[in-house]
Amino acid sequence: MPSTPSASSHDTPPENQRPGRNFIQQLIDADLAAGRYGGRVHTRFPPEPNGYLHIGHAKSICLNAGLAREYGGRFNLRFDDTNPAKEEQEYVDSIQEDIRWLGADWEDRLFFASDYFDQLYEWAVQLIQAGRAYVCDLDAEAMREHRGTLTEPGRACCYRERSVEENLDLFARMKAGEFADGTRTLRAKIDMASPNLNLRDPVMYRIKRAHHHRTGDTWCIYPSYDFTHGQCDSLEGITHSICTLEFENHRPLYDWFCDALGIHHPQQIEFARLNLSYTVMSKRKLLQLVTENHVSGWDDPRLLTLRGLRRRGYTATSIRAFCERIGVAKQYSVIDMAWLEDAIREDLNAHAPRAMGVLRPLKVVLTNLPADAERICQAANHPQQPDMGTREVPLTREIYIEQSDFLEDAPKKFFRLKPGGAVRLRSAGIIECGEMIKNAAGEVTEVHCTFDPDLTRKVKGTIHWVSARHAISAEVRLYDHLFAAENPDQTAEGGTFLDNLNPHSLEVLTTAKLEPSLGQVASGAHYQFERTGYFYVDPVDSQPGQPVFNRTATLRDSWAKAK
RNA sequence: UGGGGAAUAGUGUAACGGUAGCACGAAGGAUUCUGAUUCCUUUAGUCUAGGUUCAAAUCCUAGUUCCCCAGCCA
């Protein structure tokens, strides 16, 4: 996590008067002031290992780890692995990798809900003994019928009043594997008439013969989320159990189990999950995009998985900055995708070395230069940071410029190359437009110019270029939003979110011409190609001497907007 | 329809009975060998209707809109 800049003591207001504190910080401040939890702050991130982490998880990770850091507390990583049917070691590994990359540190506190299966079982027995849990023989459908609806109360089934002895016996036999999957459950005896459906005798254990990635076939019964989460928090000494809004209706249950068991009782706090425009975030949809090959995989740079973002060229710093900026509240909100782009631009603008790359080349011949001429130009690696040094860029008689930097019929405000005009070649000098060569279709295929090396001469426009003889060819991938609609879920009658896929979300350029220094770049390096954006050396498809560049983000372009 | 939550500039988020602020965006300008960056200026808001109060985004009443819940998923 980023370190908080230490404010000088004289201008730091008292703890309880600091402005701009989010509601969770305010809650914690109050807890601390009241001496709750012995002044401790202990948070956790509890993913289920059933998929890859995305930007929404990053919000939760930054929040939890950030709070622990801010209050000098602790942060745990705990896998909520209570449903072996969906969980895999692959996800356990990838999740840890992604969290580490993001920069959150759980130190030596890596836990699994499955670490606590024995304890959980004991607690279940304890609740049976206390007459607060019972074995129910209803199948799923019958249980649904008994549960009632939003407006009608549920009905108790005949198993609700079983004796403690019978429940103990049955539960032991459930564990021993005497019953088929789905034939019995252990339920908490709470209130079948509660207006909160979660309190209508929720399932604590179900019979499920599935191989668990950690406990193997030791168990054939598995605890439910509700019977697991609070107790795990409790066992780990968590003080503030932060989750998303959809668990609000589960909080009474969280509290009920902690109270019934008489164990350390952490406080559940809910916040609004992250929503972003032009994308989808649910695991189901992400999975569908991957399995149906709408994207190349979990790390497709158009996906907002942490792996996708990383491969796109997003830095962990930028994602943390983004999470900081969006804030935390209970209010439903949709963040504009542009905020993410701003965050990465901010980071890369400060740190990425500059280079020149022509995405869509147009040949320009500098007619007053001999064919074998080679001028060495000194180019700054970062105009605002001289420390980053300079590099040499060769200029020759034939160069490439960007097609969009030449216009035959240019508007008055067009500051680039046009007939009768002059423009600066970045770091090299001025060129003046001469003859245009056209093909049969009347398109300009080549422009002849004269070169003036005067570096002090003023002209309005500056364009990037590469020497044709020295240029390296590289594959460059340009990305746009994966979805064309701001809200992909908004579809015509009977449509699906897939109807909103943006057909132009990926454009592969195979004829880009890059300055020679870009021939030998490190996999995973970031560059700003001046005037065209930030690019990342794709770590998967790049070969030594044959880099593949992914465009992380464009530069802001007020000219494009003006047009 | 029952219950649980949430409504503040375009977006996001503060203000917790006493000056509605911040960030991003947008618009304009300055600087500039990136139409980038940087800098300056401007813009624009308390869901509605009542009420309490010297004073209401904040408290009260009624309404409106949005989100979540009827898995042996988490």
Side-chain angles (χ1 to χ4, degrees), chain A residues 19-23 26 46-48 50 80-83 85-87 136 138-140 143-145 147-154 181-187 194-200 202-208 221-222 224-226 228-229 243-252 270 272-273 277 283 324-336 338-339 342-343 345-346 349-350 354 356 379-380 382-384 413-416 424-430 455-464 528-533 554-563:
Chain A
R21 316 226 77 212
N22 68 47
F23 78 102
Q26 293 181 28
E48 181 186 16
N50 68 344
D80 220 333
D81 55 349
T82 58
N83 184 0
K86 292 185 168 185
E87 296 150 6
C136 178
L138 257 30
D139 62 21
M143 195 180 291
R144 192 181 326 123
E145 283 166 19
R147 186 158 32 230
T149 68
L150 293 178
T151 51
E152 305 158 60
D181 287 11
T183 56
R184 276 178 232 263
T185 56
L186 182 71
R187 297 225 254 164
S194 170
N196 180 347
L197 300 255
N198 295 122
L199 261 26
R200 319 245 261 230
V203 168
M204 295 164 58
Y205 269 92
R206 69 285 209 192
I207 305 172
K208 183 175 290 207
I221 58 172
Y222 289 94
S224 64
Y225 166 85
D226 286 308
T228 304
H229 205 92
C243 60
T244 46
L245 246 28
E246 66 266 29
F247 291 99
E248 269 178 323
N249 295 335
H250 291 251
R251 180 160 20 102
E270 309 87 7
R273 66 164 357 119
S277 59
K283 270 178 188 167
E324 187 65 35
R325 195 168 299 171
I326 59 177
V328 181
K330 301 192 74 155
Q331 204 168 147
Y332 175 88
S333 64
V334 181
I335 308 283
D336 195 305
W339 283 39
D342 282 337
R345 281 195 196 108
E346 195 173 293
N349 175 53
R354 316 281 124 129
M356 291 194 286
H382 195 306
Q384 278 80 40
K413 292 276 202 183
F414 186 79
F415 301 147
R416 286 107 99 145
R424 180 185 303 281
L425 251 29
R426 177 74 162 157
S427 307
I430 308 289
L455 285 170
T456 60
R457 187 173 151 193
K458 296 276 183 199
V459 289
K460 191 70 183 168
T462 300
I463 62 175
H464 58 281
Q528 185 200 90
F529 290 2
E530 287 187 299
R531 308 207 309 130
T532 66
T554 60
L555 259 37
R556 272 203 199 83
D557 188 352
S558 55
W559 166 243
K561 270 189 287 190
K563 286 188 296 184

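Computed from heavy atoms alone, side chains included, the values below leave out hydrogens, waters and symmetry copies. Quantities reported herein were computed from a predicted structural model and do not represent experimental measurements.
With S224(A) as the fixed residue, the side chain to side chain contact (heavy atoms under 4.5 Å, CB included) test singles out one of R206(A), H229(A), R187(A): R206(A).
Rounded to an integer number of Å, the gap from L199(A) CG to G4(B) C1' is 12 Å. Note: NE2 (H250(A)) to P (G5(B)) measures 14 Å, nearest angstrom. For the pair N249(A) CG and C67(B) P, the interatomic distance rounds to 15 Å; values are reported in whole Å. A straight line from CZ of R147(A) to C1' of A70(B) spans 6 Å, rounded to a whole angstrom. Atom CZ in R426(A) sits about 13 Å away from atom P in A36(B), given to the nearest Å. When the P atom of A74(B) is taken as reference, atom CG of D226(A) falls 8 Å away, rounded to whole Å. One interatomic measurement links the two molecules: CD of E346(A) to C1' of A23(B), which rounds to 10 Å at whole-angstrom precision. Atom OH in Y332(A) sits about 8 Å away from atom C1' in C67(B), given to the nearest Å.
Going from atom SG of C243(A) over to atom CD of E270(A) covers 5.0 Å, rounded to the nearest 0.5 Å.
G10(B) adopts an anti glycosidic conformation, its chi angle falling more than 90° from 0.
Listed nucleotides U37(B), U34(B), G4(B) differ in distance to E248(A); the shortest reach to its side chain belongs to G4(B). Listed candidates were G5(B), U13(B), A70(B). Nearest to the side chain of L245(A) is G5(B). Listed nucleotides A74(B), C72(B), G35(B) differ in distance to A140(A); the shortest reach to its side chain belongs to C72(B). Distances from the side chain of S427(A) to the nucleotides A26(B), C33(B), G71(B) place C33(B) closest. Nearest nucleotide to the side chain of E48(A), out of G5(B), C73(B), G25(B): C73(B). Ranking C69(B), G3(B), A26(B) by closeness to the K561(A) side chain, first place goes to A26(B).
Regarding contacts with the backbone of U32(B), every side-chain N or O of T462(A) stays at 4.0 angstrom or more from both OP1 and OP2. Side-chain N/O atoms of T82(A) include one lying less than 4.0 angstrom from OP1 or OP2 on A74(B). OP1 or OP2 of C73(B) has at least one side-chain nitrogen or oxygen of K208(A) nearer than 4.0 Å. Residue R206(A) places at least one side-chain N or O under 4.0 Å from the OP1 or OP2 atom of C73(B). Put simply, R187(A) has no side-chain N or O that comes within less than 4.0 Å of OP1 or OP2 on C72(B).
Here, C59(B) and C54(B) have their C1' atoms 16 Å apart, quoted to the whole Å. Distance check on atom P: U43(B) versus G63(B) gives 39 Å, rounded to whole Å. Annotation: G2(B) and G45(B) have their P atoms spaced 36 Å apart (nearest Å). Comparing the same atom, C1', in A44(B) and in G12(B) gives a spacing of 15 Å after rounding to whole Å. The separation of A70(B) from G51(B), taken at their C1' atoms, amounts to 39 Å, rounded to a whole angstrom. C67(B) and G35(B): their P atoms are spaced 44 Å apart (whole Å). Across the P atoms, U19(B) and G10(B) are found 23 Å apart, a figure rounded to whole Å. C47(B) and C24(B) have their P atoms separated by 24 Å, given to the nearest Å.
Ring planes of F247(A) and Y225(A): tilted class, angle from 30 to 60°.
A salt bridge does not link K86(A) to E48(A): none of the charged side-chain nitrogens sits closer than 4.0 Å to a carboxylate oxygen.
Donor-acceptor pairing under 3.5 Å, judged by distance alone, is absent between the side chain of R556(A) and the base of U37(B). The base of U38(B) is not paired with the side chain of Q384(A) by any donor and acceptor separated by under 3.5 Å. Evaluation of atom-type donor-acceptor distances gives no pair under 3.5 Å for the side chain of H464(A) against the base of A36(B). A donor-acceptor contact under 3.5 Å is formed by the side chain of R416(A) with the base of G35(B). Side chain Q26(A) to base C16(B): a donor-acceptor pair is found below 3.5 Å.
Where pairing requires Watson-Crick or G-U contacts shorter than 3.5 Å, the helical stems of RNA chain B with at least three consecutive pairs are B:2-7 with B:64-69, B:10-13 with B:21-24, B:25-30 with B:38-43, B:47-51 with B:59-63.
Aromatic stacking of W559(A) on G35(B): satisfied, with centres closer than 5.5 Å and planes within an angle under 30 degrees.
For the pair K208(A) and Y222(A), the cation-pi test (distance below 6.0 Å, angle within 45°) is failed.
Scanning all heavy atoms of the two residues, the minimum distance from R426(A) to P383(A) falls at NH2-CG, 3.8 Å.
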